[in-house]
Protein chains: 2
Amino acid sequence: MARSGAAVEEPVRRRLLAEATRLFAERGFESTSVQEIVAAAGVTKGAMYHYFGSKDDLLHEIYGRVLRMQMERLTRFADAEGPVTERLHATAMDVVVTTIDNLDDSKIFFRSMHQLAPETYKTVRAERRRYHERFRDLVVEGQQAGVFRDDIPAEMVVDYFFGSVHHLGTWYSPDGPLTGQDVGRHFADLLLSSLEPAGRPAR
Amino acid sequence: MARSGAAVEEPVRRRLLAEATRLFAERGFESTSVQEIVAAAGVTKGAMYHYFGSKDDLLHEIYGRVLRMQMERLTRFADAEGPVTERLHATAMDVVVTTIDNLDDSKIFFRSMHQLAPETYKTVRAERRRYHERFRDLVVEGQQAGVFRDDIPAEMVVDYFFGSVHHLGTWYSPDGPLTGQDVGRHFADLLLSSLEPAGRPAR
DNA sequence: ACAAGCGTACCGACTGGTCGGTCCAATCCG
DNA sequence: CGGATTGGACCGACCAGTCGGTACGCTTGT
């Protein structure tokens, strides 16, 4: 009974992470107290500080989980077979769909990133940077192949697109008429469309 | 002498607003204490609570200033003369340039908006909404005139574009090689390009 | 017996906000 | 004219409450 009881009950650590994610997304990192988190998870502070070194550490783990997942998916889509236009379209769409599926994570990401301790902050930024670079390589590949316009720096196209993605959390609602697939398709279409060469007469 | 002396010295109220803007952008609203703000402005808490009702009120005033300015500029550009493509391009470019000119305001906006008191929050959201609607009308106008693709909801195009604009604060640096005009031109080009009709074959 | 897992009680630092009081320029009164 | 009075701008000490974090003891499985 003891074993099965422990197995049936969700591990405390997991509940803490889940509730913290929910609360951070809802009220922000600084406005959420450790008390609130442990109360929501049905434990006490002793339990939390048993599993996590600090409140900061809790946030850091959330970031790590998100970053690992996104990087894994991006790599899979970017390294697939097919023409670069199709790969970029599929990648962009997946980024949007995944972001919408984990909207709480997204809200935390762009709202609370600067609350991390300087050391942790740099680590997260660096990993985020590698992610953007992998995405940028796709754009560069298309530019060199001549299928994307190259009069706009690929770096800026990436910042342009991910700005839109990061801000999904501020306006998208699962209760609305649009599914994640809808938004993903439209966003990917807009991205691909804006990259078409010779769109406007060169000045 | 009394008059000129008072005129030479920067008004306390203005200094408080300026320093608060700087600090909120740097560390976030919740992580900035009233003590830090008044210390940076060279006054005491008594002075701050003489001019502002609360810390929240201080943030609210910052929002009000930004919203008023942006709305005024948008209206001016959108109501100008000329074809809708040129008006949208000029408007989009101005939004970017203005955002970069006041990058601190932008950082505060999307990071700390949810820290406002519920009442104030709704007011700001409503005003922000009117702003987006005015911008959306431009897109709709172009769609009805047949110069923009209409297979993507105008609403979403606006969210797409302003996502990019709001996120300028996370990556743009005035010390970098790009001027606000550079970024503005590229962003506006990307927007107009993505709106060109018959971009991809309709499925 | 002994560690792992967690609860209880508590600490010190700091927070937003308050309040009595001070300074000084402008106004009023005689 | 000049002394008294007023009132806004601001100071600085001080709340009560909250925060993240810690010390320590009790259970429970092995």
Side-chain angles (χ1 to χ4, degrees), chain A residues 1-21 23-24 26-62 108 112 114-121, chain B residues 1-21 23-24 26-62 108 112 114-121:
Chain A
M1 172 180 116
R3 265 246 306 267
S4 69
V8 161
E9 186 179 339
E10 193 89 323
V12 172
R13 199 189 131 91
R14 207 169 292 276
R15 260 186 305 165
L16 280 167
L17 263 178
E19 293 301 323
T21 303
L23 288 167
F24 288 165
E26 195 177 306
R27 325 181 189 176
F29 178 74
E30 294 285 333
S31 302
T32 305
S33 69
V34 174
Q35 284 291 357
E36 291 175 307
I37 298 170
V38 298
V43 292
T44 62
K45 286 216 276 186
M48 201 216 101
Y49 281 95
H50 175 72
Y51 288 106
F52 301 96
S54 64
K55 189 188 174 190
D56 230 86
D57 191 34
L58 198 50
L59 182 60
H60 180 45
E61 292 244 359
I62 294 175
I108 296 173
S112 307
H114 62 298
Q115 309 284 11
L116 286 166
E119 196 63 24
T120 316
Y121 182 73
Chain B
M1 173 181 115
R3 267 245 305 267
S4 68
V8 161
E9 187 177 340
E10 190 90 326
V12 171
R13 200 189 130 91
R14 207 170 292 276
R15 260 186 305 165
L16 280 167
L17 264 179
E19 294 300 324
T21 303
L23 289 167
F24 287 165
E26 194 177 308
R27 326 180 187 177
F29 178 72
E30 295 284 334
S31 303
T32 305
S33 71
V34 174
Q35 283 292 355
E36 291 175 307
I37 297 170
V38 298
V43 291
T44 61
K45 287 217 274 188
M48 201 216 101
Y49 280 95
H50 176 73
Y51 286 107
F52 302 96
S54 63
K55 189 188 173 188
D56 230 85
D57 191 36
L58 196 51
L59 182 58
H60 180 45
E61 292 244 359
I62 294 175
I108 295 172
S112 308
H114 61 298
Q115 309 283 12
L116 286 165
E119 197 63 25
T120 315
Y121 182 73

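To find a chain, count down the sequence lines: A is the first, B the second, and so on, and within it residues start at 1.
- B/H114 is not listed as a side-chain neighbour of A/R27, based on a closest heavy-atom distance of 4.5 Å or more.
- Listed pair B/S33 / C/dT15 meets the phosphate criterion, a side-chain N or O lying under 4.0 Å from OP1 or OP2.
- A heavy-atom distance below 4.0 Å to DNA chain C is reached by these residues of residues 42-55 of chain B, ordered by number: B/K45, B/Y49, B/S54, B/K55.
- As rounded to whole Å, 11 Å separates atom P of C/dC14 from atom CD of B/Q35.
- Regarding B/R14, its CZ atom lies at a distance of 15 Å from the P atom of D/dA9, rounded to whole Å.
- If you take CG of A/L16 and P of C/dG5, they are 13 Å apart, rounded to a whole angstrom.
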Identify the pairs formed between an N or O of the protein and an N or O of nucleotides 24-26 of chain D at a distance under 3.5 Å, and give each distance.
none

When you look at A/L58 and A/V34, which way does the side-chain contact (heavy atoms from CB on, under 4.5 Å) test go after all the steps?
CA-CA 10 Å; A/L58 198 50; A/V34 174; over 6 Å; no

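- The CZ atom of B/R13 sits 15 Å away from the C1' atom of D/dG8 (whole-angstrom rounding).
- Atom CZ of B/R15 is separated from atom C1' of D/dC10 by 12 Å (rounded to the nearest Å).
- For the pair B/K55 and B/F29, the minimum side-chain heavy-atom distance is below 4.5 Å.
- Listed here is the closest heavy atom pair of A/L17 and A/E61: CD2-CB, 4.2 Å.
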